[in-house]
Amino acid sequence: MAFENKFVQLRIEKAETLRDAGINPYCNNSKRNTTIKKYLNVNSDIEHKENKRDEHRHYTVAGRIKLLRVMGKASFLQLEDESGVLQIYVARDHLPENFYNDIFKKNVEVGDIIEVGGYPFVTGQGELSLHASEFKLLTKSIAPLPEKFHGITDKETRYRKRYLDLIMNADVRKTFQIRSKVISLTRRFFEDKGFLEVETPMMHPIAGGANAKPFVTHHNALGIDRFLRIAPELYLKRLIVGGFEAVFEINRNFRNEGMDATHNPEFTSIEFYWAYKTYKDLIEITKEYFLYLFDHLDLPTHLPYGDLEIDFNKFSEVPLIESLHTIGEVPSEIVNDKEKILEFLKSKNISVKNGLSLGQLQGELFDEFVEHKLINPTFITEYPVEISPLARRSDVNPDITERFELFIAGREIANAFSELNDPVDQYERFKSQVESKECGDDEAHAMDEDFIEALSYGMAPTAGQGIGIDRLVMLLTNEHSIRDVLLFPAMKPIHHEELNQEEV
RNA sequence: GUCUUGUUAGCUCAGCUGGUAGAGCACGUCACUUUUAAUGAUGUGGCCGAUGGUUCGAAUCCAUCACAGGACACCA
């Protein structure tokens, strides 16, 4: 039951006591006239003043009480708002008669949201504080906060009750401020380049644009199932057909797959499409984008990530086949021979599905021996055509595509290619995907005839790219779980025992 | 999905090879007008994640389940 906890009961009683004394414990006419950060800035000169105070200044701040130290007729409390922390000095004789003893000491406690007016002064210990002459309770907190020193560390509680995590852990707030900036800077970067931000459907009749299992939902009015999108790609390309020459979308994708440190069922990406460009141009704009982010986030281009050091001045470019040998140390004589690759994988005790093509096997080799070694930003280029169903073939080698993926700290951050705009080739690729699907690959593409028809009208030569925003934020904030860069990561619902008993 | 480690007070954690539950913080009461996790005294607080089993006796041993962390598999 709600409110049954004895600490909660006690605090509800305090709220009632306040009401009886004519004080609204949920009062909303706040007169706050400055933030704590501004208060600290504007009063930084106080320590040079006579008596280290200025009784002619008056400010009203508001926030949550994080610490409370009562010493008889005076108290110190630490007040926190979004901008910072301020020490408040509350003395009995500077407040209305009896307020300090009867109201403040008995009914105000850590967690409450209050408003305090007074003048700036510096304490004997040298801390710029506020000397209170007005005190108003704005919101009574009836649930006790976690312990003041250790805060809240239990990961499950932190993710399920993110509000508590945010109250207790300032660095968590910082992470999400950075996330917000990354998204806003990304938007600004592409807008400044002349890209148009668009919104395409989240509910698709066919889940396309990536290899992944979709979530299914049902549209009652039409009596049909819809798929939550796994990627916006095919819709964004329809817009290029329609004549937009540079578009981008920042939004959620949904994939019905496992959850772990780098996967959440819903995740955020930016996809952008740029007509009359190739994947080579995308490599350049990607480098520019990263420098732009580092510059505007005020981050050094040499970043620690766990035990790793990432140098964002060192972008390199390696064709996939070449990387197998030079980085993955796979013998170069086997990488173009299906049988030899299978033999090699077997000798390394790595099992793969039956019936994989050469390109797919090369992909396996890459995942197994190369990916985790790519620490500094590396563009892996020239992907086999079999694992790139939407990418344009290379003019010099029809087995490979004009594609790259960007890897940083051993993880894929971006995927990009010159887009396949030959409708007949695209039709054939879909057909071979459908065959894979029929052979049991439930992540293979479905046929999208409407998309083929769109391509048939002619899509200008275009290059397109997707960047995983969550993983990017992880890199920039030195976080190692995607849950730490998502405000509300996916969690299993908790079974309530009472419900079970009712059912039985 | 598999393996593995957890789950004890509002929070952070002890609790040994089974013998009716412990600390700190928080909270209550008292003292204290310059503290910094304030301090001193004193007190309240628990279905030991859930269900079964073994046992005279289970927080502790066993099984099943739930949730979480980590690793692996699939994927971005």
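Residue numbers start from 1 in every chain, and the chains themselves are labelled A, B, ... in the order their sequence lines are given, proteins ahead of strands. Values in this document were obtained by computation on a predicted structure and should not be read as measured data.
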Which pairs with one or both residues in residues 155-164 of chain A pass salt bridge (charged side-chain N to carboxylate O under 4.0 Å, His left out), sequence neighbours excluded? Glu156(A)-Arg160(A), Arg158(A)-Asp165(A), Arg158(A)-Asp484(A), Arg162(A)-Asp165(A)
Between [N] atom [atom2] and [X] atom [atom1], what is the distance in whole Å?
X	N	atom1	atom2	result
Lys140(A)	C27(B)	NZ	C1'	11 Å
Glu13(A)	C27(B)	CD	P	15 Å
Lys213(A)	A76(B)	NZ	P	12 Å
Glu371(A)	A73(B)	CD	P	11 Å

According to the side-chain hydrogen bond (donor to acceptor under 3.5 Å, both in side chains) rule, which pairs have a member within residues 89-103 of chain A, sequence neighbours left out?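 Those involving residues 89-103 of chain A are Ser75(A)-Tyr100(A).
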Hey, is the side chain of [X] pairing donor to acceptor with the base of [N] inside 3.5 Å?
X	N	value
Gln87(A)	U35(B)	yes
Gln125(A)	U36(B)	no
Asp260(A)	C74(B)	yes
Tyr89(A)	U33(B)	yes

Should the ring pair Tyr39(A) and Tyr59(A) be called parallel, tilted or perpendicular, given that the plane angle runs from 0 to 90° and is split at 30 and 60?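 Perpendicular.
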Just checking, any donor-acceptor pair under 3.5 angstrom between side chains of Thr200(A) and Arg229(A)? yes
Heavy atoms under 4.0 Å, any strand shown: does [X] hit a base, just sugar-phosphate, or nothing?
X	value
Tyr159(A)	sugar-phosphate
Glu412(A)	sugar-phosphate
Arg160(A)	sugar-phosphate
Asn256(A)	nothing
Arg158(A)	nothing
Met491(A)	sugar-phosphate
Phe121(A)	base

Using a 4.0 Å heavy-atom cut-off to protein, can you give one letter per nucleotide of nucleotides 1-12 of chain B, 5' to 3': B if the base is in contact, S if only the sugar-phosphate is, - if neither? ---------BBS
Distance, [atom1] atom - from [M] to [N], rounded to whole angstrom:
N	M	atom1	answer
A9(B)	G1(B)	P	29 Å
G18(B)	A59(B)	P	13 Å
C61(B)	G15(B)	P	12 Å
U5(B)	C65(B)	P	16 Å
C11(B)	A63(B)	P	29 Å
C47(B)	A21(B)	C1'	13 Å
U55(B)	U44(B)	C1'	35 Å
G49(B)	U12(B)	P	15 Å

Suppose we screen for side chain to side chain contact (heavy atoms under 4.5 Å, CB included). Which residues come up paired with [X], at least two apart in sequence or across chains?
X	answer
Phe215(A)	Leu228(A), Phe254(A), Asn256(A), Pro265(A)
Ile375(A)	Leu308(A), Ile310(A)
Ser357(A)	Gln360(A), Glu386(A)

RNA chain B in dot-bracket form (Watson-Crick or G-U pairs under 3.5 Å, [ ] crossing, | inter-strand) is (((((((..((((.....[..)))).(((((.......))))).....(((((..]....))))))))))))....
Nearest to the side chain of [X], which nucleotide is it out of [options]?
X	options	value
Ile482(A)	A26(B), A76(B), C27(B)	A76(B)
Ala91(A)	U35(B), U33(B), A68(B)	U33(B)
Lys155(A)	G28(B), G69(B), C67(B)	G69(B)
Leu10(A)	G28(B), U36(B), A37(B)	G28(B)

Name all residues meeting the side chain to side chain donor-acceptor pair (under 3.5 Å) criterion together with Thr123(A); count only those two or more places apart in sequence or in a different chain, and write none if there are none.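 Expected list: none.
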Going by an N to O cut-off under 4.0 Å, is there a salt bridge joining Arg57(A) and Asp45(A)? yes
If we only count heavy atoms from C-beta on, is the Asp112(A) to Asn107(A) side-chain gap below 4.5 Å? no
4.5 Å side-chain heavy-atom contact, Asn251(A) and Glu271(A):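 Not touching, per the 4.5 Å side-chain cut-off.
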Which residues, if any, of residues 61-77 of chain A bring a heavy atom under 4.0 Å of RNA chain B?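 When residues 61-77 of chain A is checked for heavy atoms under 4.0 Å from RNA chain B, the hits, listed by number, are Leu67(A), Arg69(A), Val70(A), Met71(A), Gly72(A), Lys73(A), Ala74(A), Phe76(A).
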Return the residues of residues 464-474 of chain A meeting this criterion: a heavy atom under 4.0 Å from some atom of RNA chain B. Order them by number, or give none. Arg471(A)
Below 4.0 angstrom from OP1 or OP2 of G28(B), is there any side-chain N or O of Lys14(A)? yes
State whether Lys148(A) places a side-chain N or O below 4.0 Å from either non-bridging phosphate oxygen (OP1 or OP2) of A38(B).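 Checking Lys148(A) against A38(B): at least one side-chain N or O falls below 4.0 Å of OP1 or OP2.
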Identify the two heavy atoms, one from Ala490(A) and one from Met259(A), that lie closest to each other, and give their separation to 0.1 Å. O-CE, 3.2 Å
I need the minimum non-hydrogen distance between Val434(A) and Ala446(A), along with the two atoms involved.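 Smallest heavy-atom distance, with atoms named: CG2-C, 4.3 Å.
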Starting at the 5' end of RNA chain B, which residue's closest nucleotide do you reach first, Asp93(A) or Phe149(A)?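 By nearest-heavy-atom nucleotide position, the 5'-most residue is Asp93(A).
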Would Phe379(A) and Phe315(A) count as a ring pair (Phe, Tyr, Trp, His ring centres under 6.0 Å) here? Give the steps. CA-CA 7 Å; Phe379(A) 296 99; Phe315(A) 280 85; 5.7 Å; yes
Salt bridge (charged side-chain N to carboxylate O under 4.0 Å, His left out) against Glu317(A), all qualifying residues, sequence neighbours excluded: Lys280(A)
List, one per line, each side-chain donor-acceptor pair under 3.5 Å for residues 400-409 of chain A, sequence neighbours excluded.
| residue | atom | partner | partner atom | Å |
| --- | --- | --- | --- | --- |
| Thr401(A) | OG1 | Tyr383(A) | O | 2.9 |
| Glu402(A) | OE1 | Ser418(A) | OG | 2.7 |
| Glu402(A) | OE2 | Arg392(A) | NH1 | 3.3 |
| Arg403(A) | NE | Asn415(A) | OD1 | 3.0 |
| Arg403(A) | NH1 | Ile387(A) | O | 2.9 |
| Arg403(A) | NH1 | Ser388(A) | OG | 2.7 |
| Arg403(A) | NH2 | Glu405(A) | OE2 | 2.6 |
| Arg403(A) | NH2 | Asn415(A) | OD1 | 3.3 |
| Glu405(A) | OE1 | Tyr383(A) | OH | 3.4 |

